[in-house]
There are 2 protein chains.
Amino acid sequence: MQKLSSVFRKLEEGSKRLTPQRELVIRILADHPGEHLSAEEIHRLVKREFSNIGLATVYRALELLTDLNILQRISFNDGKARYEFNQEELHRHHHLVCLRCGKVAEFNEDLLESLEDRIYKRRGFKVMDHELKLFGICQSCNKNARRG
Amino acid sequence: MQKLSSVFRKLEEGSKRLTPQRELVIRILADHPGEHLSAEEIHRLVKREFSNIGLATVYRALELLTDLNILQRISFNDGKARYEFNQEELHRHHHLVCLRCGKVAEFNEDLLESLEDRIYKRRGFKVMDHELKLFGICQSCNKNARRG
DNA sequence: CTACGTGCAAACAGTTTGCAGTGCG
DNA sequence: CGCACTGCAAACTGTTTGCACGTAG
């Protein structure tokens, strides 16, 4: 992973260490792109390679990495936070949440910039980031519904 | 409130009752538009007029009313759910979340329809609703920052 | 009289915190 | 040595559930 050096630099700036636990958390997220893992799921996956890691350590790693903007925390209103890499592209990466089967798909589209310009002009609100969730019925559920 | 009759009809369809507690929850939300109250805040406000109402009752009322699409549950990733009226306009009512002071402002803009058309054509995903949050720095924080 | 509704307390899930111990820098 | 870091368990917060009782239809 070429990105590790940049992670390392960000950690060093706050005199934080890249411990095996933290590195594993990062690797797990890297190995599961677009899966929006929860802390518990991450803990379970990390445990397979580091069996005695504590859940609190995972939480602390996730918090640290989120603060450093290495990860991004998102929530789908199911009561638990989920995490993914905070790649630059994520700022224009959105979610399609199926109301029937619950699957979360992603799409990238930059459509919001003109809106953000307008908001700044009209309201003086400087948009730094955005989060767009579209709720609806996905293709496969749609097909099943038509058959049923 | 002219809307109460429609609430009543929706409740009757499921043979649910419009109890004083439920009506109060509705009135509190009506009296605090755009404030995104949490269950606890609603409970506190309701208690002022109905001192022995239980928190669980508020939760149950909120769940019921959300299921009936009378209310809408939203979350700003602060660990608790928030509620507002599910007016039709809400479907194109979005949030500006200030990263510095935490204030949540609203704006209405319909800008997403063309995007939704495109998503349906490309991905077969039929969008029913959307939720857009813009994170940034609000006007007053922006001014303070420039001064400071 | 039955099904819905309630208050209370206990249970629950996700997350955070306190603490004693470990080990890098 | 000192401070970051850890695992563990206990604490905390928001929410849900079980239960006994009440009350509307």
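Chain naming here is simple, since letters A, B, ... match the order of the sequence lines and numbering starts at 1 in each.
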> In chain order, what residues pass the side chain to side chain donor-acceptor pair (under 3.5 Å) check against B:Arg60, with sequence neighbours excluded?
Replying inline: none

>> Among residues at least two apart in sequence or on other chains, which ones pass side chain to side chain donor-acceptor pair (under 3.5 Å) with A:His95?
In response: A:His36, A:His93

> On DNA chain C, nearest-nucleotide positions of B:Arg60 versus B:Gly14: which is more 5'?
Replying inline: B:Gly14

>> Without decimals, in angstroms, what is the distance between B:Arg22 CZ and C:dG7 P?
In response: 11 Å

> Between B:Glu49 and B:Arg27, is there a salt bridge with N-O shorter than 4.0 Å?
Replying inline: yes

> Between C:dG23 atom P and A:Gln21 atom CD, what is the distance in whole Å?
Replying inline: 12 Å

> Among residues 40-59 of chain B, which contact DNA chain C at a heavy-atom distance under 4.0 Å?
Replying inline: B:Phe50, B:Asn52, B:Ile53, B:Gly54, B:Ala56, B:Thr57

>> Take a 6.0 Å sphere around CD of A:Glu40 and say whether it holds more than 12 heavy atoms from other residues, nucleotides or ligands.
In response: no

>> Categorize A:Ser15 for me: base, sugar-phosphate, or nothing, with a 4.0 angstrom heavy-atom threshold over every strand shown.
In response: sugar-phosphate

> Can you name the residues that form a salt bridge (charged side-chain N to carboxylate O under 4.0 Å, His left out) with B:Lys133, not counting sequence neighbours?
Replying inline: A:Glu131, B:Glu131

> Between atom CD in A:Glu23 and atom P in C:dC24, what is the gap in whole Å?
Replying inline: 15 Å

> If you pin A:Glu63 and B:Pro20 to their nearest nucleotides in DNA chain C, which one's is more 5'?
Replying inline: B:Pro20

> Taking 5' to 3' order, which nucleotide of DNA chain D is first and which is last to have an atom within less than 4.0 Å of a heavy atom in chain B?
Replying inline: D:dG14 to D:dA24

>> Between C:dG14 and A:Arg82, counting only base atoms on the nucleotide and side-chain atoms on the residue, is there a donor-acceptor pair under 3.5 Å?
In response: no

> Does the pair B:Glu41 and B:Arg82 meet the rule for a salt bridge (charged side-chain N to carboxylate O under 4.0 Å, His left out), with working shown?
Replying inline: CA-CA 9 Å; B:Glu41 288 163 342; B:Arg82 292 164 183 285; 3.7 Å; yes

> Could you walk me through whether B:Leu96 and B:Glu106 pass the side-chain contact (heavy atoms from CB on, under 4.5 Å) check?
Replying inline: CA-CA 6 Å; B:Leu96 301 175; B:Glu106 300 186 352; over 6 Å; no

> Once you round it to whole Å, what is the distance between P of C:dT15 and CG of A:Asp78?
Replying inline: 9 Å

>> Can you measure B:Leu11 atom CG to C:dG5 atom P for me and round it to whole angstrom units?
In response: 8 Å

> Between B:Lys47 and B:Ile53, is any pair of side-chain heavy atoms under 4.5 Å apart?
Replying inline: yes

Report, one line per pair, each donor and acceptor closer than 3.5 Å where one atom sits in a side chain of residues 63-71 of chain B; sequence neighbours left out.
residue : atom : partner : partner atom : Å
B:Thr66 : OG1  : B:Leu62 : O            : 2.6
B:Asn69 : OD1  : B:Asn86 : ND2          : 3.3

> C:dG5 P sits how many Å from B:Leu18 CG, rounded?
Replying inline: 10 Å

>> From CZ of B:Arg17 over to C1' of C:dC4, roughly how many Å is that when rounded to an integer?
In response: 4 Å

